[in-house]
Amino acid sequence: MTRILIIDDEPTYLELMQDYLRFKGFEVSTAKDGDEAIKQMRYEKPDLILLDIMMPTMDGYQFCRTLKADAAFWDIPIIVVTAIASDRGERMMQGLGAAAYLEKPIDQDQLLKLIRKHLPGPTGAPPPRKVL
């Protein structure tokens, strides 16, 4: 089963997204910030990450930078899901290795399409990532 990790500090959003993605057939785990997610990933490696930017302890930028620098995790696709509507922020996250950028409030069908697009599957691996 495909495992998705949702990283966001908003409990209501985490619960709603977790329920939706489980309904769609995914195994879902959550973390309230990047630091918690890094610790959690030592025990279970997700197939894809949904990442907020503005969080306590370790924000999305720092998490993405840390993850993509780690040989054990650099290949995990990251879809940024954030309330920050910024072309600069989107370019920055893509430069750090994020696969896609989606602004909240999200369209669940669009999110599902992005998830399926960036998951490794029978058609091959996700698109190549920039190396920093």
Side-chain angles (χ1 to χ4, degrees):
M1 182 178 278
T2 302
R3 179 178 293 146
I4 296 176
L5 172 60
I6 307 170
I7 309 168
D8 198 297
D9 62 332
E10 180 57 47
T12 303
Y13 172 79
L14 282 176
E15 186 177 335
L16 289 171
M17 288 308 302
Q18 185 175 31
D19 290 346
Y20 173 72
L21 292 173
R22 282 186 176 157
F23 176 75
K24 291 297 184 179
F26 297 101
E27 184 178 322
V28 181
S29 57
T30 62
K32 68 180 184 308
D33 60 50
D35 189 48
E36 181 181 312
I38 293 288
K39 290 174 185 170
Q40 184 175 329
M41 289 174 63
R42 292 181 188 145
Y43 303 102
E44 59 180 46
K45 183 178 176 182
D47 298 298
L48 183 134
I49 296 170
L50 299 180
L51 176 67
D52 188 22
I53 293 178
M54 301 307 295
M55 298 178 292
T57 312
M58 181 188 292
D59 67 20
Y61 298 112
Q62 188 179 0
F63 174 83
C64 197
R65 191 176 295 114
T66 300
L67 191 78
K68 295 303 179 178
D70 189 324
F73 303 116
W74 71 269
D75 60 336
I76 300 172
I78 297 173
I79 298 175
V80 177
V81 183
T82 183
I84 299 173
S86 162
D87 289 338
R88 183 176 178 266
E90 182 174 1
R91 286 191 308 274
M92 190 169 167
M93 289 305 292
Q94 288 175 340
L96 291 172
Y101 191 96
L102 193 58
E103 296 172 19
K104 292 177 185 175
I106 62 166
D107 176 297
Q108 290 180 331
D109 291 334
Q110 182 183 10
L111 176 63
L112 195 56
K113 285 178 187 175
L114 280 173
I115 288 170
R116 290 186 175 139
K117 175 182 176 183
H118 292 288
L119 279 174
T123 59
R129 312 226 184 295
K130 294 181 182 178
V131 178
L132 300 178

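We're numbering straight along the sequence, starting at 1. Hydrogens, waters and symmetry mates are skipped; everything else that's a heavy atom, side chains included, is used. Owing to the predicted nature of the structure, the values given are computational and were not obtained by experimental measurement.
Using a 4.5 Å heavy-atom cutoff, the side chains of Leu102 and Leu111 are in contact. Contact check for Cys64 versus Ile78: side-chain heavy atoms found under the 4.5 Å cut-off. Between Val28 and Ile6 the shortest side-chain heavy-atom distance falls below 4.5 Å. In this structure the side chain of Pro77 never reaches within 4.5 angstrom of the side chain of Ile49, judged on heavy atoms. In this structure the side chain of Asp70 never reaches within 4.5 angstrom of the side chain of Met41, judged on heavy atoms. Residues Leu51 and Phe63 are in side-chain contact: their nearest non-hydrogen atoms beyond the backbone lie under 4.5 Å apart.
The salt bridge (charged side-chain N to carboxylate O under 4.0 Å, His left out) search around Asp47 returns none, not counting sequence neighbours. For the side chain to side chain contact (heavy atoms under 4.5 Å, CB included) test, residues two or more places apart in sequence or in another chain that qualify with Lys45 are Phe73, Asp75, Ile76. Residues meeting the side chain to side chain contact (heavy atoms under 4.5 Å, CB included) test with Gln40, sequence neighbours left out: Leu5, Ser29, Ala31, Glu36, Glu44. Checked against side-chain hydrogen bond (donor to acceptor under 3.5 Å, both in side chains), Asp59 has no partners two or more places apart in sequence or in another chain. Among residues two or more places apart in sequence or in another chain, the side-chain hydrogen bond (donor to acceptor under 3.5 Å, both in side chains) test is passed with Thr57 by Asp33. Residues satisfying the side chain to side chain contact (heavy atoms under 4.5 Å, CB included) test with Thr82, not counting sequence neighbours, are Asp52, Ile53, Val80, Ile84, Tyr101. With sequence neighbours left out, Lys104 forms a side-chain hydrogen bond (donor to acceptor under 3.5 Å, both in side chains) with Asp8.
Note on Phe26 and Leu16: separate hydrophobic clusters, where clusters join Ile, Leu, Val, Met, Phe, Trp and Tyr whose side-chain heavy atoms are under 4.5 Å apart, directly or indirectly.
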Which is it for Tyr61 and Leu96 under the side-chain contact (heavy atoms from CB on, under 4.5 Å) test, yes or no, and what are the steps along the way?
CA-CA 8 Å; Tyr61 298 112; Leu96 291 172; 4.1 Å; yes

Apply side-chain contact (heavy atoms from CB on, under 4.5 Å) to residues Lys32 and Ile7 and explain how you reach the verdict.
CA-CA 6 Å; Lys32 68 180 184 308; Ile7 309 168; over 6 Å; no

Test Ile38 against Thr66 for side-chain contact (heavy atoms from CB on, under 4.5 Å), laying out the working first.
CA-CA 9 Å; Ile38 293 288; Thr66 300; 4.1 Å; yes

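Under the side-chain contact (heavy atoms from CB on, under 4.5 Å) rule, Thr2 has a single partner from Leu119, Leu48, Ile115, Leu21, which is Leu119.
Atom CG of Leu50 sits about 11.5 Å away from atom OG1 of Thr30, to the nearest 0.5 Å. Separating the CD atom in Gln18 from the OH atom in Tyr13 is a distance of 11.5 Å, to the nearest 0.5 Å. Put simply, CD on Gln62 and CZ on Arg65 are 7.0 Å apart, with the number rounded to the nearest 0.5 Å.
Sorted by first and then second residue, the pairs that involve residues 10-31 and meet salt bridge (charged side-chain N to carboxylate O under 4.0 Å, His left out), not counting sequence neighbours, are Arg3-Glu27.
Ion pairing between Asp35 and Lys39 holds under the 4.0 Å rule for side-chain N and carboxylate O.
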